[in-house]
Amino acid sequence: MAFKIGGQNPKSNTTGSESDYKKVTAGEFFAVAIWALGFVYRLDRLRTVLYVFFTSTNGLFNIAYAYVIARAIDLVLSLNSGGIFIFKSVYHILGLLLVLFAVQTVFQSVSGYIGNALSVTLRPKIVRAFYTKLYTLGIQSLEQPEINNRITRANDNLMNIFSFVDDVVREFADIVGLAGSAAALIAFSPLLILAMVVINIPYILWDKRHRGFIYQYSYENTEGFRTAGWTNSQLNSSISLQEIASTSSFSFLDNKYINFYNRYNKKWLAITKRWRLGNGSFGFLTDFVLLYGYFKIFSGLATGAITVGIVTFYTRLMSMVQNGLSNVFRGMNDLTEFAMRVKDTYQLFQFKPLFADGAVQMAKLKEGPKIALDNVSFSYPNSEKRVLNNVSLTIQAGEKVAIVGHNGAGKTTLVKLLCRIYQPTNGKIVVNVDNLSSLALPSWYQNIGVLFQEFNTYPQLSVKENIYIGNASEQVDEVAIRLAAQSADAAAFIDEFPAKFDQILSEKFKGGIRPSTGQWQKLAIARFFYRNAPLVIFDEPTASIDAVSEYNIFNRIYDFFKQKTVIIISHRFSTVRNADRIIVLDHGEIVEEGTHAALMSNNGYYAKAFTLQAKGYAANDNGVAGV
Ligand SMILES: Nc1ncnc2c1ncn2[C@@H]1O[C@H](COP(=O)(O)OP(=O)(O)OP(=O)(O)O)[C@@H](O)[C@H]1O
Ligand SMILES: [Mg+2]
C-alpha cells in the first residue's frame with residue numbers, strides 16, 4: 001500500500017510495552033500514596049505537617065455545630081413554653097457557637113493559605129527534584145525508550161503529585177468527618193447506615209470504571225498528543241514559521257493538529273456522556289434511602305422517642321453521612337485515578353543508574369592522558385548492530401589525533417564511550433593506568449572537555465556566561481574568556497554586539513540578538529578553549545564555520561592544547577591534515593591510520609576522499625568552502 005500523506009498510522013497511537021497502566025493494585029496505591037506524602041514532606045516539612053493537621057480536622061466542626069444547635073433547640077423549646085424568650089438562658093450556647101465559628105474560620109483560613117503556599121512553593125522544588133533524579137540516573141539510562149516514555153508521562157503529571165497528596169489529606173479529613181457523623185447516627189439506626197453504604201456501591205463502581213476508560217483512552221493516545229504538541233510548538237515558533245510560511249504548509253499542519261483533537265474528543269465526549277448520565281441515575285437511588293431515614297426520624301418524633309432538637313440533629317447528620325459517603329467514595333476514585341497518573345513518576349524515582357559508578361578517584365591532570373582502547377566493541381542497548389567492532393587504538397599522552405569516516409561509521413559513538421555515557425559491550429578502555437569503568441565519573445569529567453556534534457546553545461545566558469559555563473566550577477577568569485573567544489575566532493563579532501560580552505543571545509529577550517549558526521558554533525568552541533581540559537574532544541567542531549575561520553581555529557587548536565591530548569572528528573580533510581595521526585573509521589572498524597602523507601601514499605579511502613574534497617575547493621575557489 002502506498003504511503004498516504006496525512007493518513008494515520010494505526011500503530012502510532014500506542015506507546016509501547018508497559019501493560020500495567022490500567023490498574024493500580026491496593027499495594028501499589030499505598031506505595032504511591034506513602035511515597036508521594038514522604039516526597040512532599042521532605043520538600044517542605046513544616047508546611048506539610050501544618051497542612052495535614054489544619055485540613056484533616058475540618059470535618060469535625062460540622063458535627064459539633066449540629067449537636068450544639070440541636071441542644072439549643074431543645075433548650076429554647078423547654079424555656080419557651082411560657083411564651084417568654086430569655087436571652088440569658090441561652091447565652092452560653094451562643095457563646096459556644098461563636099467560639100466554634102471563630103476556631104473553624106481560623107482553621108479554614110490557615111489550611112487555605114498553607115494549601116496555596118504549598119502548591120506554589122512546591123512547584124519549582126518538584127521540578128528540581130525531577131531533573132536532579134534524571135541527572136543522577138546517567139545519560140545511558142535516559143536513552144532507554146521505556147524510560148523515555150515514563151519521563152514523558154511523568155513530566156505531564158509532575159504537578160499532580162501535590163494534587164494527589166492534597167486529595168489524600170482531604171480524603172482523610174472526609175473519612176474523619178464521616179466516621180464522626182456515622183458514629184453519632186448509628187445509635188439511632190444501624191440499618192440506615194448500612195443501606196446508605198450499600199446503595200452507593202453501584203455508583204462507585206460505575207464511576208471507577210469510566211474513569212479507567214478515560215485514562216486508558218488518553219494513555220493510548222500519548223503519542224498522538226505528543227505529535228500534536230510538536231505541530232503546535234512549530235506553529236508557535238518564529239524559526240519554524242519561516243519555512244512553514246515560505247512553503248505554504250500552514251493549513252497542512254493546522255489540519256493535522258485539529259483533526260487529531262476532533263477525532264480524540266469525539267470518543268472522549270461519548271465516554272464522558274455515558275459516565276455522567278450513569279452517575280446521575282445511580283445517585284438518584286440514594287434518595288430512596290434518605291426517604292427511609294426521614295420516615296424513621298419523623299416516626300421517632302411522633303412517638304416521643306426523640307425531641308425536636310434531636311430531629312434536627314439526625315436530619316443534619318443524615319445528609320452529612322450521605323455527603324460524606326459520596327465524598328469519601330468519590331475521593332477514593334479520584335485517588336485511584338491520581339495514583340495511576342503519579343505511578344510513572346513514582347516508578348521513575350525508584351530507578352537506579354544502569355551502571356554503578358567506579359570508586360577510583362582520578363586526580364586533576366596537568367597534562368593530557370594516554371588512552372588505550374583494547375578490543376572495544378559496542379552495540380546500542382536497543383539494537384543488535386555492532387556499531388564498533390574490535391577497535392584497538394592507543395592515543396599517546398599529548399598526541400593530536402583526527403578521526404574521519406563516513407556518516408554512521410561510529411565516530412560519535414566512540415566519543416560517547418570515552419565520556420562513559422555508554423560502557424563498551426566488550427573490551428576495555430584504559431586511561432593512563434586505570435580502567436575507565438573503575439573511575440568515579442566526576443573525577444573523570446574534570447579531566448575532559450567534549451564539544452559534541454549536537455552542542456548546546458544557551459540563549460538565556462550572556463556571551464560571557466556561554467563561555468564561562470565550560471568551566472563553571474571555578475571562579476570567572478575574564479582574561480581567559482577573552483583569550484578563548486579570540487582562539488575560536490569569535491572575539492571580532494562579539495565586539496560588534498551592542499552589549500559585547502554581556503550580550504544576551506536571543507532576539508526573544510529584551511536587548512537580545514540572535515547569533516548566526518556559525519557564530520553559535522564559534523561560541524561553543526570558545527567554551528572548550530576556556531575549559532582547557534587535559535583531554536579535549538571536538539566532534540565536528542566547524543561544520544557551519546566559514547573556510548577562513550575554520551583554518552584559523554584548527555591551527556590554534558593544535559597550538560593552544562600543546563600539552564593536552566586532542567581528538568578531532570571532522571569531515572573536512574583539509575583541516576585535519578596537520579594532526580599527528582589520522583584514523584579512518586569504517587563500519588565501526590579502523591581501516592587506515594597514519595600521518596596525512598602516509599595515508600596519501602596509501603591511496604585508500606582517505607587519499608580518495610581528500611582528493612575529491614580538494615577538487616571541490618578548487619572548483620569553488622571564489623573563497624567559499626565547498627564540501
Ligand atoms: N542512541 C542510539 N541508539 C541506536 N543506534 C544509534 C544510536 N546512536 C547512534 N546509533 C547508530 O550508530 C551508528 C553510528 O553512529 P555515530 O553517531 O557514531 O556515527 P558517526 O560516525 O558519528 O556519523 P556522523 O558522521 O553522521 O556524525 C549509526 O548507524 C547510528 O544509527
Ligand atoms: Mg557523529
Side-chain angles (χ1 to χ4, degrees), residues 16-17 134 137-152 353-355 371 373 376-393 395 401-427 429 436 448-457 517 520-521 524-525 528 535-545 550 554 557 566-576 579 581-593 599 604-606 608-610 612-613 616 625-627:
S17 55
L134 297 187
L137 275 181
I139 296 161
Q140 174 153 5
S141 309
L142 301 188
E143 294 202 350
Q144 308 285 311
E146 202 240 355
I147 295 191
N148 263 291
N149 280 344
R150 281 193 201 285
I151 292 174
T152 307
L354 278 178
F355 294 104
I371 293 173
L373 281 82
V376 169
S377 295
F378 178 74
S379 304
Y380 280 96
N382 52 353
S383 106
E384 301 278 294
K385 187 181 149 196
R386 276 207 162 189
V387 176
L388 292 175
N389 198 8
N390 282 325
V391 174
S392 288
L393 168 70
I395 301 172
V401 169
I403 304 178
V404 298
H406 292 297
N407 293 129
K411 304 179 298 292
T412 300
T413 306
L414 191 66
V415 175
K416 288 184 181 173
L417 294 188
L418 288 174
C419 297
R420 225 178 77 188
I421 292 170
Y422 290 94
Q423 307 260 21
T425 320
N426 286 307
I429 300 174
L436 182 56
I448 66 175
V450 190
L451 176 56
F452 285 98
Q453 209 167 5
E454 290 163 349
F455 62 92
N456 283 3
T457 59
T517 312
W520 264 126
Q521 198 164 5
I525 295 170
F528 289 90
L535 170 64
V536 196
I537 305 174
F538 287 114
D539 191 354
E540 291 236 49
T542 51
S544 305
I545 287 177
E550 183 180 41
F554 269 91
I557 286 178
V566 178
I567 301 172
I568 292 179
I569 295 167
S570 179
H571 286 114
R572 309 251 191 120
F573 294 95
S574 58
T575 53
V576 300
R581 192 155 42 123
I582 297 160
I583 287 154
V584 182
L585 209 60
D586 191 23
H587 288 95
E589 294 180 10
I590 296 178
V591 291
E592 286 174 52
E593 69 179 296
L599 291 181
Y605 168 84
Y606 180 83
K608 286 187 191 121
F610 183 88
L612 206 66
Q613 273 195 2
V627 187

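FYI, side chains are in, hydrogens and waters are out, and symmetry mates aren't considered; it's all heavy atoms of this structure. Just follow the structure's listing: the first ligand is 1, and inside any ligand the first atom is 1.
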Enquirer: Are I371 and I429 side-chain neighbours, meaning at least one heavy-atom pair lies under 4.5 Å?
Expert: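 Yes, at least one pair of side-chain atoms sits under 4.5 Å.
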
Enquirer: Quick one: does S377's side chain have a donor or acceptor within less than 3.5 Å of a partner on N390's backbone?
Expert: yes

Enquirer: Test your reading of the model: is there a side-chain donor-acceptor pair from Q613 to the backbone of F573, 3.5 Å cut-off?
Expert: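 Yes; judged by distance alone, with no hydrogens or angles, the pair exists.
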
Enquirer: Less than 4.5 Å apart, any side-chain heavy atom of E540 and any of I568?
Expert: no

Enquirer: At their closest point, which heavy atom of E550 faces which heavy atom of I545, and how far apart are they?
Expert: N-CG2, 3.7 Å

Enquirer: Verify, without hydrogens or angle tests, whether K411 (side chain) and G405 (backbone) share a donor-acceptor contact under 3.5 angstrom.
Expert: yes

Enquirer: Indicate whether any N or O donor in one side chain lies under 3.5 Å from an N or O acceptor in the other, for S379 and R386.
Expert: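 Judged by distance alone, the side chains do not pair up.
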
Enquirer: Please tabulate, one line per pair, the protein N or O atoms found under 3.5 Å from any N or O atom of ligand 1, giving the distance to one decimal.
Expert:
residue  : atom   : partner : partner atom : Å
ligand 1 : 1 (N)  : E143    : OE1          : 3.4
ligand 1 : 8 (N)  : Y380    : OH           : 3.4
ligand 1 : 18 (O) : T412    : N            : 3.4
ligand 1 : 18 (O) : T413    : N            : 2.9
ligand 1 : 18 (O) : T413    : OG1          : 2.5
ligand 1 : 21 (O) : A409    : N            : 3.1
ligand 1 : 21 (O) : G410    : N            : 2.9
ligand 1 : 21 (O) : K411    : N            : 2.9
ligand 1 : 21 (O) : K411    : NZ           : 2.9
ligand 1 : 22 (O) : T412    : N            : 2.9
ligand 1 : 22 (O) : T412    : OG1          : 2.7
ligand 1 : 23 (O) : G408    : N            : 2.8
ligand 1 : 25 (O) : N407    : ND2          : 3.1
ligand 1 : 25 (O) : K411    : NZ           : 2.8
ligand 1 : 25 (O) : H571    : NE2          : 3.2
ligand 1 : 26 (O) : N407    : ND2          : 3.0
ligand 1 : 27 (O) : Q453    : OE1          : 3.1
ligand 1 : 27 (O) : Q453    : NE2          : 2.8
ligand 1 : 29 (O) : K385    : NZ           : 2.7

Enquirer: Taking Q521 for the side chain and F455 for the main chain, is one N or O donor matched with an acceptor at less than 3.5 Å?
Expert: no

Enquirer: Which protein N, O or S atoms sit under 2.8 Å from the Mg ion (ligand 2)?
Expert: T412 OG1, Q453 OE1

Enquirer: Give a yes or no answer on whether the side chain of E592 reaches the backbone of Y605 with a donor-acceptor pair at less than 3.5 Å.
Expert: yes

